[in-house]
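All values derive from a computational prediction rather than experimental measurement.
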Amino acid sequence: IVPTNLFTTLESTELSMLIEAVARPFEIKKVRAALTTRLFAYSIDEIANLATNDEESYSKLLERFHIYKRLWQERDFHTMFQKLLDDFDSLSTLLSLKGGERLVTNYMQLDEIIHSECSRRNLGPEAGLYWYKSYLKEQQTSVEENPVRIESDENAVKILTIHKSK
């Protein structure tokens with residue numbers, strides 16, 4: 001069953017966790033929470049193992065969130081989000097999951113909405129986080145403004161017109 005409101009999906013919640021980690025990369029709990037989302041696909045045990053047994057890799061992983069914050073500040077949300085997706089090969093990970101095409105479609109739609117508002121209002125990471133959390137609460141009760149998009153028109157009805165000449 002496809003939800004009708006984009007903002008009631010798990011993707012919208014996971015994106016909120018990601019934005020919070022990017023806006024506040026010094027809050028390790030926020031970063032660790034974001035790493036457990038489907039965008040990164042780290043388990044809690046993998047994160048704990050990295051933190052305990054491979055401090056260098058763990059530090060580099062945490063530093064990425066500082067880099068993403070700077071990228072958002074210097075460029076925009078969309079650029080930061082696309083870089084993050086590329087760095088972690090998130091699209092391949094998402095597409096490998098059941099309903100992966102739907103997940104990717106939802107993330108891309110959320111990316112467009114967030115980027116549009118943050119650009120229009122000139123919002124950096126902290127202000128973007130505040131806006132998104134407020135908007136998320138507001139939109140969770142509204143189906144009209146942001147219905148989910150279809151992920152593909154592959155199964156759509158195809159209409160064929162045949163012309164006959166005399």
How about [X] and [Y]: do any of their side-chain heavy atoms sit closer than 4.5 Å?
| X | Y | result |
| --- | --- | --- |
| V22 | L18 | yes |
| T93 | R38 | no |
| M108 | T105 | no |
| S12 | L110 | yes |
| L6 | I113 | yes |
| P25 | Y68 | no |
| F65 | I28 | no |
| Y135 | I114 | no |

Point-to-point distance, once rounded to the nearest 0.5 Å, from [atom1] of [X] to [atom2] of [Y]:
| X | Y | atom1 | atom2 | result |
| --- | --- | --- | --- | --- |
| N49 | I44 | CG | CD1 | 13.5 Å |
| T9 | Q109 | OG1 | CD | 9.0 Å |
| H66 | R24 | NE2 | CZ | 13.5 Å |
| C118 | D111 | SG | CG | 10.0 Å |
| F40 | S90 | CZ | OG | 6.0 Å |
| I67 | L84 | CD1 | CG | 11.0 Å |

Joint hydrophobic cluster, [X] plus [Y], side-chain heavy atoms closer than 4.5 Å:
| X | Y | value |
| --- | --- | --- |
| Y130 | M80 | no |
| W131 | I19 | yes |
| F81 | L91 | yes |
| L62 | F88 | yes |
| Y42 | M17 | no |

For the student: nearest non-hydrogen atoms of [X] and [Y], plus distance:
| X | Y | answer |
| --- | --- | --- |
| N106 | E11 | ND2-OE1, 2.8 Å |
| Y58 | I47 | CE1-CG2, 4.1 Å |
| L71 | T79 | CD2-O, 3.9 Å |
| S16 | L136 | CB-CD2, 4.2 Å |
| K30 | A21 | O-CB, 3.6 Å |
| K69 | A23 | NZ-O, 3.0 Å |

Under 3.5 Å: donor-acceptor pair, side chain of S119, backbone of S116:
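Answer holds: no.
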Please check: side-chain N/O of S57 versus main-chain N/O of D54, any donor-acceptor pairing under 3.5 Å?
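No; zero donor-acceptor contacts below 3.5 Å.
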[X] bridged to [Y] by N-O distance under 4.0 Å:
| X | Y | answer |
| --- | --- | --- |
| E63 | K60 | no |
| E20 | K133 | yes |
| E74 | R70 | no |

Can you establish whether the number of heavy atoms outside L10 located under 6.0 Å from its atom CG is more than 12?
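Enclosed: over 12 neighbouring heavy atoms sit under 6.0 Å from CG of L10.
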Counting heavy atoms not belonging to N53, are there more than 12 under 6.0 Å from its CG?
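Counting other residues, nucleotides and ligands, CG of N53 exceeds 12 neighbours.
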Is it the case that E14 and Y107 place a side-chain donor and acceptor less than 3.5 Å from each other?
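Side-chain D/A pair, E14 to Y107: present.
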I'd like to know whether T8 forms a side chain to side chain donor-acceptor pair (under 3.5 Å) with N5, so could you lay out the CA-CA distance, the side-chain angles of the two residues, the decisive distance to 0.1 Å, and finally the verdict.
CA-CA 6 Å; T8 61; N5 183 338; 4.9 Å; no
Kindly assign one of parallel, tilted or perpendicular to the pair Y132 and F7, based on the angle between their ring planes and the thresholds 30° and 60°.
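The arrangement is tilted - the two ring planes meet at 30° to 60°.
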One pair to check against side chain to side chain contact (heavy atoms under 4.5 Å, CB included): E117 and L123. What are the steps and the verdict?
CA-CA 8 Å; E117 277 304 304; L123 304 177; 5.5 Å; no
